[in-house]
**Student:** 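I have a structure I would like to understand better, so I am pasting it below and will then ask my questions one at a time.
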There are 2 protein chains.
Amino acid sequence: MTRDAKTDNDNKGSDMHVLVTGAAGFLGQRLVRRLAEGSELSGKPLSRLTLIDQVEAEGPVDATFESVSRALDIASPGALDEVLDERPDVIFHLAAVVSSAAEADLDLGMTVNFDATRALLEGCRFRKLLETRLIMASSVAVYGGELPDVLDDMTGLTPQSSYGTQKAMSELLINDYSRRGLIDGRVLRLPTIVIRPGRPNAAASSFASSILREPLNGEEAICPVPTDLALFVMSPRKVVEALLHGAEVPGDAFGASRSLMLPGITVSVAGMLEVLREYGGDEALARVRHEPDARIAAIVASWPGRFENLRASRLGFEGDRDFHEIVEAFLDERG
Amino acid sequence: MTRDAKTDNDNKGSDMHVLVTGAAGFLGQRLVRRLAEGSELSGKPLSRLTLIDQVEAEGPVDATFESVSRALDIASPGALDEVLDERPDVIFHLAAVVSSAAEADLDLGMTVNFDATRALLEGCRFRKLLETRLIMASSVAVYGGELPDVLDDMTGLTPQSSYGTQKAMSELLINDYSRRGLIDGRVLRLPTIVIRPGRPNAAASSFASSILREPLNGEEAICPVPTDLALFVMSPRKVVEALLHGAEVPGDAFGASRSLMLPGITVSVAGMLEVLREYGGDEALARVRHEPDARIAAIVASWPGRFENLRASRLGFEGDRDFHEIVEAFLDERG
């Protein structure tokens, strides 16, 4: 299955081999479907898609290119050797242990969120994949502590969770490897993704999708936070487009930092509920029960709600126009 | 030589065991002498001082406490086991590979500046040294890129060197371990230290000490930068006092971040030369030859020159009053 590196280099410019880590996850699966639909990246046709995750990720249906799915643990030594030997042109690095798990188990979080990222970078360095574009998904969780009301591109990272710490450390490493010319890295910090599909879960942000999704599906939802709380959100559709754009922007355009916050939009919970009423009527709004939960409210209130991210806009990253567009996208996809 | 951990805990509050890494270096040696002079820390008498470095560090003369010097490589696995088994109350972590060496050898820098810091933290975690105060020396090199004219406590870290990257990553880790209560960590970012003793060296900052030290000693010095360049500086004496203060401030007082920039003072090269003239006369000033070096000027100009570091002041860290005080301290010590 290993291709010859020389042949690969000769083909440079004519085709595109894309590797996705965390490909079985919610974002990974959406990205895979989107890649299959577009069949190209940076104007070059996709020739091959390699999906890796702990379980075998579902590949695209009706794709015009070869797709291989591998179940492996990226945190185990040498796990990435074979896929990196195939010299991917673009790597979407989405694999991560989520916030609550990283907080519960420091070693697990360090191993998956940081050490595996470092191993990925070292694997690329060892194989001299100097032009491979590595796009890592980071998170709003890199911010925390005593924050200004409106954050901007220069706001410092003082994460208040191990997950945020591990992502911030990985960001620094990707920046240094990129500065040294060892890889062409990019880091995109994701806003809270709304509206996620599925069911409510234990994540503190679960309500943000739930208070729209459930009422629009005729079910009840619980709102645990005050309605004046501001959230910084982005639709799954726009996040996936931003990941693709992150692979297409020239590395030099990023300037002195390869990390940026994606252009989410700021919306209050009250504003979200008003849009719910517009699309679902008073009956949908009535399905939201307000049951304050101080623990969840405190966590969510610690996330920054407002950003002035000029660099992302300057680099052509696009967010949702408004919250209506987010709800319409959800209804559109739900069918 | 290993002491019984239980006995140590029983003695908690009555004596103080201090460990210094990088103890043979310029700052380490000054810190050791200062500890011997004061013989106490946080109001408790020093009972033991452990010095580690690659070479055997010189211990204090006439100290009232036991002092042990060990030559070891902190980057080798298990190197710190024995000294951590002795359960130090305070650790000054000064050991590091300098900027130019970390830039020349990525692996060496990662191993010493980051992995050894992580091993130190893990060693403390494994031994449950929850109350041990760990003070790491960080650097102005964690800043870089597109900076505002005046930096403050919220300015983001976008290092433009591997040294700065490794220090910034270590800072994040110390913050997370402290937040989790695994250690009581503190990070002090050092300004450019002026006036260093010794001879000019290859460091880009070498001139900042040299243009004072050499003329005051009747020798010639070269100034490679424009005189309107602003530097953020601190005397060796104040840096050592700040390290001690860093060990004495209660951890809670740091708030959401254990990292801070020390209160250096901003001075232009012209201002430094004016003070040189005041103390050494026109003949001293005439010993400074202006030979512009674009490479050095570019590196030094990339360092931030102005800070508004309110947190450091609020926490009681003190800088030099003015540049006169810095020169007087040098003359005083030179005798």
Side-chain angles (χ1 to χ4, degrees), chain A residues 102-107 109-110 113-115 117-118 121-122 125-126 142-182 187 254-261 302 310-311, chain B residues 102-107 109-110 113-115 117-118 121-122 125-126 142-182 187 254-261 302 310-311:
Chain A
E103 200 61 25
D105 186 339
L106 176 58
D107 297 313
M110 282 296 290
N113 295 341
F114 177 71
D115 291 325
T117 302
R118 184 174 175 184
L121 289 168
E122 281 291 284
R125 176 188 177 201
F126 179 73
V142 294
Y143 297 105
E146 294 143 22
L147 291 171
D149 289 338
V150 181
L151 285 74
D152 63 29
D153 293 316
M154 271 317 293
T155 304
L157 308 188
T158 48
Q160 300 300 309
S161 67
S162 292
Y163 176 79
T165 300
Q166 292 147 11
K167 282 292 181 188
M169 286 168 47
S170 298
E171 287 196 12
L172 283 161
L173 213 48
I174 289 172
N175 269 279
D176 198 42
Y177 276 59
S178 299
R179 188 188 58 81
R180 294 184 78 112
L182 300 172
V187 176
F254 281 81
S257 170
R258 295 303 186 97
S259 307
L260 51 79
M261 184 74 210
S302 77
L310 301 176
R311 280 182 63 236
Chain B
E103 199 61 24
D105 187 339
L106 176 59
D107 296 314
M110 282 296 291
N113 295 341
F114 177 71
D115 291 325
T117 302
R118 184 174 175 184
L121 289 168
E122 281 291 283
R125 176 187 176 202
F126 178 74
V142 294
Y143 297 105
E146 294 143 23
L147 291 171
D149 289 338
V150 181
L151 285 74
D152 63 29
D153 293 317
M154 271 316 294
T155 304
L157 308 188
T158 48
Q160 300 300 309
S161 67
S162 292
Y163 176 80
T165 299
Q166 292 147 11
K167 282 290 181 189
M169 286 168 48
S170 298
E171 287 196 12
L172 283 160
L173 213 49
I174 289 173
N175 269 279
D176 199 41
Y177 276 59
S178 299
R179 188 188 60 80
R180 295 183 78 112
L182 300 172
V187 176
F254 281 81
S257 170
R258 295 303 186 97
S259 307
L260 52 78
M261 185 73 212
S302 78
L310 301 177
R311 280 182 62 237

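Each chain gets a letter, A, B and so on, in the order the sequences are listed, and its residues count up from 1.
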**Student:** Which value, rounded to the nearest 0.5 Å, describes the distance between Ser162(A) atom OG and Leu173(B) atom CG?
**Tutor:** 9.0 Å
**Student:** Determine the option with the most heavy-atom pairs under 4.5 angstrom with chain B, choosing from Asp153(A), Leu106(A), Leu147(A).
**Tutor:** Leu106(A)
**Student:** So which heavy atom on Ala256(B) is nearest to which on Gly145(A), and how close?
**Tutor:** CB-CA, 3.5 Å
**Student:** Which atoms of Arg125(B) are under 4.5 Å from chain A, going by heavy atoms: the side chain, the backbone, both sets, or neither?
**Tutor:** side chain
**Student:** Let me know if Leu172(B) has heavy atoms under 4.5 Å from chain A in its side chain, its backbone, both or neither.
**Tutor:** both
**Student:** Please round to the nearest 0.5 Å and tell me the distance separating atom CE of Met154(A) and atom CG of Asp152(B).
**Tutor:** 9.0 Å
**Student:** Measure Arg180(A) against the heavy atoms of chain B and call it side chain, backbone, both or neither at under 4.5 Å.
**Tutor:** side chain
**Student:** Answer yes or no: is there a side-chain heavy-atom contact under 4.5 Å between Asp107(B) and Glu122(A)?
**Tutor:** yes
**Student:** Can you tell me how far apart CE (Met169(B)) and OG1 (Thr165(A)) are? Round to the nearest 0.5 Å.
**Tutor:** 12.0 Å
**Student:** Hey, are the side chains of Glu146(A) and Ser257(B) touching, using non-hydrogen atoms and a 4.5 Å cut-off?
**Tutor:** no
**Student:** Let me confirm one number: the CZ-OG1 distance from Arg258(A) to Thr158(B), rounded to the nearest 0.5 Å.
**Tutor:** 13.5 Å
**Student:** What part of Leu182(B) gets closer than 4.5 Å to chain A, counting heavy atoms only: side chain, backbone, both or neither?
**Tutor:** side chain
